[in-house]
Amino acid sequence: MASLFRAYGRGLGALLILIATLWILALILVPLGAMIEQSLWWKDSKGDITLQIDRLYNDMATLQLDASGESDAAKKAGLEAQIAQKQAEATALEAQETNPPKTYGLANFTRMSGLHFYIFIRTIIYALMVTALALVVCYPMAYAVALASGPRKAIVLTVALIVPYAINELLRVYAWLMILDYRGVINGILGWLGMVDLDNRGWIPFLENPSAVFLAMIYTYVLFMVFPMVNTLETLDRNQIEAARDLGASSFRIHRRVIIPHAKPGIAVGCIMTFMLSAGSYSVPAIMTRGQGGDWFSQLVYRQFFESNNWNMGSAYAVSLLVVCTAFILIMMRLFGVGLRDIAK
Amino acid sequence: MRGKDVRLDQVSIRFGDAVAVQPLNLTIEAGEFFSILGPSGCGKTTILRTVSGFIEPTIGRVLIGGEDMAGKGPNERPTALIFQNLALFPLMSVAENVAFGLEARGVAKAERLKRAQELLELVALGGYGDKKPSDLSGGQRQRVAIARALAVEPSVLLLDEPLSALDLKLRQHMRAELRAIQKRVGITFIYITHDQGEALAMSDRVAVMSRGQLEQVAAPDTLYAEPATPFVATFVGEQNVIRGTLRRISNGMASVDTPLGPVEGREVGTPAIGAPVLVMVRPERMTLGDGRDNRIPATLKARHLEGPSVNLECTAAGQTLTVTLANGPAVRELPDDLVLGFGRDDARVYAEGALANG
Ligand SMILES: Nc1ncnc2c1ncn2[C@@H]1O[C@H](COP(=O)(O)OP(=O)(O)OP(=O)(O)O)[C@@H](O)[C@H]1O
Ligand SMILES: [Mg+2]
């Protein structure tokens with residue numbers, strides 16, 4: 001902080017710190033804190049509370065009747081005090097009914113049903129598979145882009161990767177939907193070739209298979225895998241590749257011993273990004289499965305919020321996913337032996 | 001390890017339309033320490049990469065040990081290349097670096113680490129196997145690169161300006177070291193440099209290149225004493241260059257008319273009578289006073305003390321001439337007007353041609 005002041009002067013330094021603090025508060029701590037807080041409590045709406053209130057009002061009505069027929073002033077005052085007390089009780093219960101008390105605890109997490117837990121695990125496995133597939137697809141691509149000789153080739157490849165990304169994510173997912181649909185492009189071509197019979201619903205149900213979601217996800221998140229890898233690969237001294245070749249190493253060995261170790265931070269970042277995006281993706285599975293291919297966990301979270309209207313449960317689900325993603329980051333960093341410092345590069 | 005000879009047979013290399021190396025023939029003997037010397041961009045690296053197999057010659061053949069290397073990749077040739085920037089693997093330990101070539105050949109781990117240790121001892125880095133290259137000094141890294149290259153038992157070691165990143169002291173030390181290693185292992189070294197001192201100090205023979213062409217291939221002494229072209233004469237060592245017109249040649253001696261008066265010198269490559277020529281005299285071959293074959297009156301401009309020697313900067317007819325004399329009482333007090341002298345055999349007369357410095 002002292003160095004910040006020295007570099008930018010007191011006023012500007014303080015301003016920078018203020019902005020950074022606001023940034024961290026607004027973008028990280030507050031939303032996250034709100035979500036975690038939300039997930040840790042629930043409201044007990046006791047079913048019999050309405051009954052109690054009804055009973056109190058009945059009692060009050062009876063007492064009222066007694067009071068109106070009573071001539072002894074002392075007794076009447078006694079009855080009226082009773083009514084007032086019951087009224088107070090009823091008011092308190094009514095307040096509880098409209099705004100039940102919060103109870104804090106971990107029940108939101110432990111209350112996940114077996115089916116939901118199964119979907120949770122399955123989503124994580126799917127996201128891992130998407131990440132692994134994306135890595136396999138993207139590594140050669142990143143390698144080709146990064147080591148392309150001559151600026152022209154690099155430009156062409158970059159444009160080929162980036163231009164599709166100028167198109168909205170939803171449009172790209174819908175494009176895959178159209179390609180893989182029952183009467184989509186592929187089935188259409190197969191039908192035209194006479195290999196499937198569209199008229200008798202003899203199409204191949206691509207969309208009912210989880211791999212349709214995989215495909216669209218890999219396509220959607222390719223860039224997040226490719227770019228970090230390209231970044232690190234570009235910093236590799238090509239002489240190292242040539243030196244390895246000169247020493248007699250096969251291409252496979254050069255990749256395994258020289259290139260991949262160098263690209264590790266990029267691979268780690270790419271995997272983390274792809275995993276987080278696919279584990280948390282809502283639109284891709286929602287569009288691609290159309291309810292036919294089994295839910296992803298993100299769809300459950302959505303339903304908790306907007307269909308069951310149970311925000312606490314929804315938050316708990318979201319936090320669970322967050323915990324897994326964070327664990328994934330830490331595991332990747334450990335596995336690849338990279339620190340935050342390498343990733344920031 | 002046994003050295004092999006390297007032959008470039010009418011080799012020419014083009015990149016697109018640009019000719020990087022003009023057709024040239026070159027034979028490097030087995031076990032020789034051979035240097036290729038030339039200014040930046042003259043095609044040295046290109047030749048080295050052609051020998052190592054990263055570049056196929058556009059025309060011509062490369063033969064190593066008599067075997068045509070056409071179609072053989074860098075990993076199939078009996079060569080090892082030491083890169084200009086060394087290209088050590090930064091994520092591997094020093095021992096792993098040295099053992100990498102053996103690893104690529106499928107040598108078992110224990111065996112290759114033992115071999116790496118031997119090589120590290122050869123380059124006096126026995127205790128450094130577990131360190132990372134980044135923990136070493138420039139000179140030590142240099143030696144790791146040599147050990148790594150030697151590990152694959154090449155017949156020809158190719159070195160691309162490996163000392164250029166080191167400071168002067170270390171460079172001088174590494175020269176001796178390299179030469180000693182070459183003597184010890186006995187393989188062919190092809191050494192690239194643009195530092196003439198390096199080439200002269202280490203090599204059995206030196207090839208001087210300019211703009212993709214071979215100018216001269218000779219032993220260091222010959223190169224210095226009898227440069228074949230004006231380029232070599234001015235690129236290797238210092239030279240006083242006097243322009244003139246050739247009047248006559250007799251018995252290998254040329255008489256030249258120059259703005260400084262008539263000068264006689266040994267003719268090189270039979271220039272034509274009446275043609276413009278260049279007379280070259282090394283500063284240390286000039287003396288003060290009369291009594292030599294050639295005599296040039298000059299004015300002393302400056303005196304640069306080098307320690308054991310003194311450089312006198314003189315002008316004659318508007319041209320700068322440098323004389324290098326042994327330091328001593330005789331050169332401490334000098335008059336402004338001097339007479340410079342040199343023998344006929346100290347001057348070499350070339351037909352007009354390209355010089356090394358512009
Ligand atoms: N891959 C290439 N593509 C096109 N031109 C090249 C290529 N490599 C080298 N050249 C050209 O060939 C010529 C010789 O280059 P080279 O690298 O052999 O020079 P050098 O003598 O090693 O120079 P330096 O001392 O600076 O390393 C240069 O003009 C260079 O621009
Ligand atoms: Mg070079």
Side-chain angles (χ1 to χ4, degrees), chain A residues 139 142-143 146-154 156 228-229 231-271 332-345, chain B residues 15-16 45 48-49 51-55 72-93 96-107 112 116 119 132-134 141 144-154 156-162 165:
Chain A
Y139 177 77
Y143 179 71
L147 298 198
S149 61
R152 205 181 314 145
K153 196 171 159 202
V156 168
M229 283 203 275
N231 269 336
T232 49
L233 283 172
E234 271 177 344
T235 61
L236 176 63
D237 173 15
R238 282 190 206 196
N239 284 346
Q240 277 181 34
I241 300 176
E242 294 197 335
R245 175 151 310 261
D246 191 54
L247 292 169
S250 61
S251 296
F252 175 73
R253 190 179 298 277
I254 295 174
H255 279 280
R256 193 168 63 80
R257 295 284 279 139
V258 178
I259 302 172
I260 293 179
H262 177 86
K264 262 185 181 179
I267 293 174
V269 173
C271 287
M332 287 303 281
M333 280 165 55
R334 174 54 69 82
L335 215 61
F336 281 76
V338 294
L340 275 178
R341 201 179 286 269
D342 300 306
I343 289 177
K345 270 196 295 200
Chain B
F15 294 111
T45 298
L48 211 64
R49 291 173 65 80
V51 174
S52 60
F54 287 108
I55 302 177
K72 290 203 171 186
N75 45 352
E76 298 165 305
R77 299 193 180 192
T79 59
L81 178 59
I82 294 183
F83 288 77
Q84 211 154 352
N85 66 351
L86 304 184
L88 295 178
F89 306 124
L91 301 173
M92 297 183 203
S93 71
E96 279 180 300
N97 262 280
V98 175
F100 185 81
L102 298 174
E103 184 191 324
R105 281 162 177 71
V107 176
R112 64 181 191 243
L119 282 157
K132 283 278 161 68
S134 53
R141 260 181 285 202
V144 174
I146 293 167
R148 185 178 72 173
L150 291 177
V152 300
E153 307 200 348
V156 182
L157 190 66
L158 308 165
L159 304 100
D160 190 352
E161 308 201 26

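Proteins come first, then strands; the chains are lettered A, B, ... in the order of their sequence lines, and each starts at number 1.
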Requested in this report: Find the one option among A:Gln240, A:Arg245, A:His262 whose heavy-atom pairs under 4.5 Å with chain B are most numerous.
Outcome: A:Gln240

Report summary line: Bottom line for B:Glu103: the part with an atom under 4.5 Å from chain A's heavy atoms is both

Query raised in the report: When you measure from the side chain of A:Asn239 to the backbone N and O of B:Ala87, does any donor-acceptor pair fall under 3.5 Å?
Result: no

Query raised in the report: Nearest 0.5 Å, what's the CG-CZ distance between A:Asp237 and B:Phe83?
Result: 8.5 Å

Query - Contact winner vs chain A - B:Arg77, B:Glu96, B:Glu76, heavy-atom pairs under 4.5 Å - result: B:Glu96

**Report entry** Contacts of type salt bridge (charged side-chain N to carboxylate O under 4.0 Å, His left out), residue B:Arg49, not counting sequence neighbours
**Finding:** A:Glu242

Query raised in the report: Side chain, backbone, both or neither: which part of B:Leu91 has an atom under 4.5 Å from a heavy atom of chain A?
Result: side chain

Report task. Tell me, out of B:Gly73, B:Pro90, B:Gly53, B:Ala145, who's got the most heavy-atom pairs with chain A below 4.5 Å. Result -> B:Pro90

Query raised in the report: Does any heavy atom of chain B fall under 4.5 Å from the side chain of A:Arg257, the backbone, both, or neither of them?
Result: both

Report summary line: Okay, B:Ile82 and chain A: the region with an atom under 4.5 Å from a heavy atom over there is neither

Query - Interatomic spacing from CD1 in A:Ile254 to CZ in B:Phe89 - rounded to 0.5 Å - result: 8.0 Å

